[in-house]
Amino acid sequence: MNFLFKNDRESVSNTSELDKHNMKTDDARSKNTRKLADARGKYKYNYTHIPSIAMLDKLPWKEYPSMAWLSLVAEEVINTIINTLITVIDTAIAKWRNRKLPRKNLTTRTQPSNAKHLNYADKQTIPNILINAIRFLILEAITKPAIVPILKIIGLSIFGNFLNWILKLIFKAHPKSDPKKDVASLQEYNELFTEIQLPEIANYFEEDEVFAYMRVAGYNPLTIERVDKLEDKFPVTEAQYQEVMGNDDSLVAAGEEGRLYLADYKILSGATNGTFPETQKYSYAPLALFAVPKNSDSLMRPVAIQCAQNPLDAPIVTPKSDGYAWLFAKTIVQIADANFQEALSHLGRTHLFVGRFAIAIHRQLPDCHPLSLLLCPHFQGTLNINNLAQKSLIAPGGDVDKLLSSTIDTVRALVEADLQNYSFNEAMLPKQLEKRGVDDTEKLPVYPYRDDALLIWNGIHQWVSDYLNIHYKSDEDVQNDTYLQNWATEAVAYDGARVYDFGEKYGRIETLNYLIDATTLIIFTCSAQHAAVNFPQKGIMSYAPAAPLAGYQPVSILKGEVTEQDYLNLLPPLKQAEEQLNILQLLGSVYYTKLGYYSDNYFSESSVKTALEKFQANLLDIEKTIVQRNYNRPKYEYLLPSKIPQSINI
Ligand code: MN
């Protein structure tokens with residue numbers, strides 16, 4: 001790879017020589033070049049924020065967030081603060097009254113019961129008027145127009161730290177803040193939701209169907225792969241398979257018929273267990289096997305789980321296993337999946353993946369360049385949110401350090417290694433699905449992410465194709481566009497954006513078709529792909545037992561009899577669960593801008609306007625199709641076009 005980058009570095013300097021030559025002969029070009037030189041001074045790469053990944057060095061003024069975005073974020077922050085405040089007061093009152101929290105039997109939780117839908121309103125201690133007064137005061141204070149310039153001066157990260165400090169003060173007084181105290185029942189997690197509504201998942205997450213559904217329509221519907229048979233490292237027996245799937249089916253037949261699917265978290269193996277802020281955490285690299293029942297068009301079913309890559313480290317557990325072993329093992333898969341989701345699917349493969357293109361485009365394409373016009377709205381807010389994340393969320397001592405399984409250094413190294421090997425050309429959605437063997441709708445009938453994502457992919461592809469065909473008439477037009485080629489070259493360059501495997505022939509774009517595919521992937525990642533992994537943070541992941549960000553028990557527990565308390569001890573302590581709720585609720589709540597809706601008269605040419613109207617009409621049709629689909633499957637709403645923002649801005 002070094003060899004590749006070295007060549008590219010040379011080609012970068014070669015093309016800029018060419019530019020210098022062109023500049024003398026072309027006035028317009030010379031004006032553009034001056035503007036670009038200015039942009040290059042403002043948009044500089046930094047490779048040490050997260051070592052080796054190309055990020056923005058310093059946020060230019062132009063990239064600061066809008067008032068509307070700040071208000072949206074402020075409102076959500078206030079909701080979480082109020083939620084926490086009420087929890088603190090509630091718990092203090094309960095303690096004062098010496099009221100014992102009801103201990104619920106886990107086995108009864110899968111049965112529907114009205115008690116489970118108990119909302120805060122039913123047991124409210126703080127009058128609504130007081131809550132509204134607090135919200136009004138904080139909101140008004142934060143959204144007063146004068147605050148934006150102040151924020152710009154003191155910096156959003158300082159403001160964020162100030163809010164964190166307030167939250168810490170609240171937490172200090174929190175009666176549930178002892179991380180070493182055992183949780184006695186799941187009800188204690190439910191009680192963290194006061195002002196914020198308890199998500200529905202709290203009622204169903206222990207069911208096997210939900211566990212399987214998470215793989216195809218959850219917060220990380222991106223790991224399963226079709227397998228013909230299992231490797232030696234995961235020695236599920238025919239007997240174990242048949243005990244779950246029935247005597248008329250077999251592991252061998254399922255493999256041959258394309259009905260076996262594996263979620264293998266080997267990428268997480270060897271990760272160092274974290275201990276920050278105070279408790280021992282564990283990282284896992286489990287394997288989970290699923291099978292589509294014979295002659296059926298139904299959801300695949302979980303068959304077996306092995307909680308470590310080495311079969312000597314962890315026994316194979318099945319739904320038929322005794323006691324709490326199965327729930328314990330499923331939870332370990334959820335933990336691994338949540339770590340994979342946050343570090344790789346979300347941070348690495350959307351936020352950081354896209355951020356690099358955003359920097360390169362400002363440095364290489366003039367504002368009036370057709371590709372720049374098309375792409376820039378899809379980069380709105382991305383450099384700002386990535387900048388904020390690297391200063392707080394993914395900094396040592398930040399939320400990732402606190403809440404995820406591994407040490408912060410491990411997480412950062414994992415993100416780096418993954419992004420370095422994450423091929424742009426193989427990330428195209430149809431290719432991704434084919435590569436994992438999940439593209440066949442007959443073999444794997446229920447896969448809502450795949451089905452909805454393909455609709456959006458095709459819609460974006462059509463729009464991009466219509467748009468670029470207006471500006472480029474042939475492959476030669478593409479090859480002769482020096483700006484475009486410089487951009488492509490910088491995208492892969494070592495002293496550029498360091499995107500792995502972008503372009504045809506090392507950072508060159510030779511055909512219009514490739515340009516359409518590549519642009520589609522960038523817009524798809526900015527919009528739909530990010531929405532698919534970002535928004536389940538609220539509603540699924542904000543409820544820690546359904547998707548714990550870390551485990552707090554070793555896998556070796558599975559070698560003995562697993563009790564209910566073992567299971568509860570595996571889950572995050574309440575204080576951690578509350579921090580998980582606060583941050584993920586916020587990140588999963590901010591819907592700013594809508595896919596396909598650019599600002600009024602953003603595109604001036606009538607042919608582009610016509611193409612855009614076609615795209616918008618197409619998105620409305622897709623919306624209808626997904627709404628229809630949701631009548632015949634458990635709801636999957638993360639890819640409804642109306643819920644997909646244009647860009648990664650949260
Ligand atoms: Mn995000």
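Each ligand, and each atom within it, is numbered from 1 in the order the structure gives. Please read all numbers here as calculations on a predicted model, not as lab measurements. Along the sequence shown, residues carry numbers from 1.
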NE2 of H362 to CG of L383, rounded to nearest 0.5 Å, is 6.0 Å
Does R498 make a cation-pi contact with Y47, if we ask for NZ or CZ under 6.0 Å from the ring centre and within 45° of the axis?
yes
Assess R215 against F211: is NZ or CZ under 6.0 Å from the centre of the six-membered ring, and within 45 degrees of the ring's axis?
yes
State, to the nearest 10 degrees, the angle whose vertex is the Mn ion (ligand 1) and whose arms point to NE2 of H346 and NE2 of H351.
90°
As a test of understanding, state which of F615, Y598, F603 forms a ring-ring contact (aromatic ring centres under 6.0 Å, His included) with Y467.
F603
Is the distance from the Mn ion (ligand 1) to some N, O or S atom of Q537 under 2.8 Å?
no
How large, to 10°, is the angle at the Mn ion (ligand 1) when you draw lines to O on I650 and to NE2 on H530?
90°
